[in-house]
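The first residue of the sequence shown is numbered 1, and numbering continues consecutively from there.
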Amino acid sequence: MGWYRVVGVISGTSMDGVDVAVADLTVRGDTIDLVPVRHAQVPYPDDLRAALTAALPPGDCSAETLCKLDTAVGQAFADAVIAVGTEGADLVASLGQTLFHWVDGNRCRGTLQIGQPAWIAEATGLPVVADFRARDVAAGGHGAPLALILDRLLLFDPETPTAALNLGGIANITVLTPDAPALAFDTGPGNALLDAAAQARLGESHDVDGVLAAAGRVREDLLGVLLADAYYAAPPPKSTGKELFSSRYLSDALTHVPAVADADLFATLVALTATTVADACRRHDVKKVVASGGGVHNRALLSALRAALDPVSVSTTDDLGLPVDAKEAYLAALLGFLTWSGIAVDPATGAAGPRLLGGITPGARPVRLPDPIGGTPDRLRIVVPQPLGGLSART
């Protein structure tokens, strides 16, 4: 088949902005080639970010508020896509902004990603593939994380149990083990409680570079309260979100211990993320971790993770040619390409089997899908553009 240019777009659980990535993709035999063209993060307007945060639990969100947010996020996504550029693009793939993820016991009952794709289609004239998670949920899965679809193609090592780690608002891992089915699940909070603490204690969106956390000491009493949450002991597949790990959750935990200084609070929350990620990796005998996501820039968190995981090696997707800040946007582009090409996928979140994910909103012209690709590719190759116009493949 020929090359397709796909613009992937998402805003993660940290809700700090819109991540956009432009990728060129094709299939050669059993391999998908992905060329990262460019990527950027476009910050949300302050009032929109504040409104999104207020709509999360324990806040209240009326039908009027939901409608307004769905429109505003759709428009913000459209503006971000236009800003990054659609030259030569064939389609846009949007993972949206998760506003609510409904988990009841060990089942996901529903999930809501806002950011009405019609605004993107209207602004760009391109077809938009969106709402990927809902089909997986309807088939019995958790709808999250979907990163396994990319991770399994890119990182599988026939000799070494490997975990792909994403440190967003929620931390999730994909476990790739020789001679065993791949598995993906949320381990617990990544940056969610750290960001809640930054807002409450500092009036800021986050602890930049983990500077305050590095200056504090871990409060073992608070860490013990936090680690007692039943979520960590529950077996995968499982998923979670800010519905559980919210500002109210953190406030409730703090009522069980004496007053905690700011720096100690951040150090303890860093330890919580590092400990829960490391515990999840150890349960699956992981020997190598490849990390991505905004949490990679928190030096205190990355240092704590390396200490907690030692002697397991920790690298980042930068080493593979896939920028750590843009992995999920490139994941969106890949998901859109797979659906556009008629390739069903199973993200191993508990669904009954592979499904074509997402729905298509037409652009300015009638939708003309390519002929479905026969078979299912089992490898992803990152083809990195070189300064003089050549290409270099990394696997």
Side-chain angles (χ1 to χ4, degrees), residues 3-25 34-53 68-99 113-132 150 166 168-169 191 195 205-206 208 292-294 296-297 317-318 321-337 339-340 358 360-365 382 384-385:
W3 287 89
Y4 287 88
R5 176 161 289 189
V6 186
V7 183
V9 58
I10 180 176
S11 178
T13 49
S14 292
M15 294 184 169
D16 45 6
V18 184
D19 295 316
V20 183
V22 181
D24 290 337
L25 296 114
L34 186 155
V35 181
V37 178
R38 59 183 175 273
H39 68 275
Q41 184 183 83
V42 180
Y44 274 139
D46 290 343
D47 58 344
L48 177 54
R49 188 176 191 278
L52 285 167
T53 302
K68 290 178 177 178
L69 287 176
D70 189 38
T71 295
V73 172
Q75 292 170 336
F77 273 39
D79 291 344
V81 169
I82 293 294
V84 174
T86 60
E87 298 85 357
D90 297 288
L91 65 146
V92 177
S94 173
L95 270 165
Q97 173 70 74
T98 298
L99 197 64
Q113 286 70 52
I114 63 172
Q116 172 53 243
W119 291 102
I120 307 172
E122 191 65 26
T124 63
L126 296 170
V128 181
V129 188
D131 206 21
F132 293 97
L150 185 154
N166 178 60
N191 305 311
D195 292 349
S205 62
H206 64 290
V208 179
S292 63
V296 170
H297 300 299
T317 57
D318 281 340
L322 200 63
V324 295
D325 290 325
K327 182 190 172 187
E328 288 205 314
Y330 280 115
L331 167 64
L334 175 64
L335 290 172
F337 173 75
T339 296
W340 194 254
I360 299 173
T361 300
R365 300 175 182 175
I382 306 298
V384 183

At their closest point, which heavy atom of [X] faces which heavy atom of [Y], and how far apart are they?
X: R38; Y: V84; result: NE-O, 2.9 Å
X: A80; Y: V20; result: CB-CG2, 3.8 Å
X: Y330; Y: V22; result: CE2-O, 3.5 Å
X: G8; Y: A332; result: CA-CB, 4.0 Å
X: V128; Y: P117; result: CG1-CB, 3.7 Å

So, taking the atom named [atom1] in [X] and the one named [atom2] in [Y], what distance separates them when rounded to the nearest 0.5 Å?
X: T86; Y: I120; atom1: OG1; atom2: CD1; result: 12.0 Å
X: D19; Y: H39; atom1: CG; atom2: NE2; result: 8.5 Å
X: L48; Y: L69; atom1: CG; atom2: CG; result: 6.5 Å
X: D195; Y: D16; atom1: CG; atom2: CG; result: 7.5 Å
X: T53; Y: Y44; atom1: OG1; atom2: OH; result: 10.0 Å
X: H206; Y: N191; atom1: NE2; atom2: CG; result: 9.0 Å

I'd like to check I360 versus W340 (side-chain heavy atoms, cut-off strictly below 4.5 Å). Are they in contact? yes
Taking atom CD of E122 as the centre, does the number of heavy atoms from other residues, nucleotides or ligands within less than 6.0 Å exceed 12? no
[X] side chain to [Y] main-chain N or O, any donor-acceptor pair under 3.5 Å?
X: T317; Y: L322; value: yes
X: R5; Y: E87; value: yes
X: S11; Y: G17; value: yes
X: S292; Y: V324; value: no

Applying side chain to side chain contact (heavy atoms under 4.5 Å, CB included) to E328 and not counting sequence neighbours gives I10, N166
List for me each residue that meets side chain to side chain contact (heavy atoms under 4.5 Å, CB included) alongside Q116, sequence neighbours excluded, and say none if there are none. D70, A118, W119
If the condition is salt bridge (charged side-chain N to carboxylate O under 4.0 Å, His left out), which residues does R49 pass it with, not counting sequence neighbours? none
